[in-house]
Amino acid sequence: MVGIILASHGRFADGILQSSEMIFGKQDNVKAVTLMPDEGPDDVHKKLEDAINSFDDPKQVLMLIDLWGGTPFNQASKIFDGHEDSWAMVTGMNLPMVIEAYGSRLTEDSAQKIASHLIDAGKAGIKIKPESLQPKEAPKAAAASDQPTGTIPAGTVLGDGHIKFVLARIDSRLLHGQVATAWTKTTKPNRIIVVSDSVSKDKLRKSMIIEAAPPSVKANVIPIKKMIEVAKDPRFGNTKALILFETPEDALTTIKGGVDIKTLNVGSMAQSKGKVAVNQVLSMDQKDVDTYKELEKLGIKLDVRKVPNDSPENIDPLLDKAEKLLAEKK
């Protein structure tokens, strides 16, 4: 795996490492290197060397640095000398760039190939509100896509006529950073679909979800009935969908309606009145517990994970814990 160094003036590199792991999960072969006020170039040089020597494969190293021409960059350049054939350096480090690097190295073992598209990722993460302040970009040539445009006549069969579910997730936060970056990068959907009767009627939440989608993936918010119709519609045969449910009850209703979901990723369920916390991100009431048990009876695999790098957790002990805590509250 490509080793990644995050280097900065001050503790910026430490902070961006912590932030990126909150979104993408704990990372191996990633080191933060900082230049502190009481340190000099030699200190940074030594930290960089130690970081590189700690990597499993120091033949492939990607250095993401805060500022071109600063001390971290200058010292990294000295170490980079002689490794131009395999290492890479990118300055202007920001969070979207770091997350893109994490995702890219899951399928790419060349530091230079990863670096070649990080600038676009960094730029894409820079947006302004109100949108009227955003600089106008020159129109780009339309890229080839297997996604149809315009109205498609009913009965048209695209692909094999069956929608593909790359991930079905229960997450009370719906489309947020971990989904828009980590899960989207690893599952590669071409459409994100939020399935919720309540959210589909909320114009503000719908708008926020659509805006939160990654640049290359279209997001939709639809009611459960519409999802059941979409799953049976052959016009969605070329669609690779990441499905998001706000509650396990919505997921159960959708599956009972005939949507062929075999595995549900259980991500997070927020604390609210009547619920008990069973771990750091999951809270349940008795209705939730009963719903998960019914899903298991239907043969649905429940994959408890916040981010792809987490190890899957067995939900049964969590259900037992929830019932015990709920009983104690009575």
Check Asp57 with Lys59, please: is the shortest side-chain N to carboxylate O separation under 4.0 Å? no

Is a salt bridge present between Lys201 and Asp197, judged by a nitrogen-to-oxygen distance below 4.0 Å? no

Using a 6.0 Å cut-off, check whether atom CD of Gln280 has over 12 heavy atoms from anything other than its own residue. no

How would you list, by chain and number, every residue that makes a ring pair (Phe, Tyr, Trp, His ring centres under 6.0 Å) with Trp87, sequence neighbours excluded? His83

If you measure from the Lys or Arg side-chain nitrogens to the Asp or Glu carboxylate oxygens, is any gap between Glu294 and Lys256 under 4.0 Å? yes

Just by distance, with hydrogens left out, do Asp260 and His162 show a side-chain donor and acceptor under 3.5 Å apart? no

If the test is side-chain hydrogen bond (donor to acceptor under 3.5 Å, both in side chains), which one of His176, Lys306, Gln178 qualifies with Asp171? His176

For Trp183, does its backbone N or O pair with a side-chain atom of Thr186 as donor and acceptor, under 3.5 Å? yes

When you check the gap from the basic side-chain N to the acidic O, do Asp285 and Lys287 get nearer than 4.0 Å? no

Can you tell me how far apart CG (Asn94) and CG (Leu64) are? Round to the nearest 0.5 Å. 9.5 Å

Are Glu100 and Arg105 ion-paired here, with the side-chain N under 4.0 Å from a carboxylate O? no

Give a yes or no on whether a salt bridge exists between Glu323 and Lys293, defined as a side-chain N under 4.0 angstrom from a carboxylate O. yes

Suppose we screen for side chain to side chain donor-acceptor pair (under 3.5 Å). Which residues come up paired with Glu108, at least two apart in sequence or across chains? none

Could you please spell out the steps behind the side chain to side chain donor-acceptor pair (under 3.5 Å) verdict for Ser172 and Glu246? CA-CA 4 Å; Ser172 59; Glu246 190 174 25; over 6 Å; no

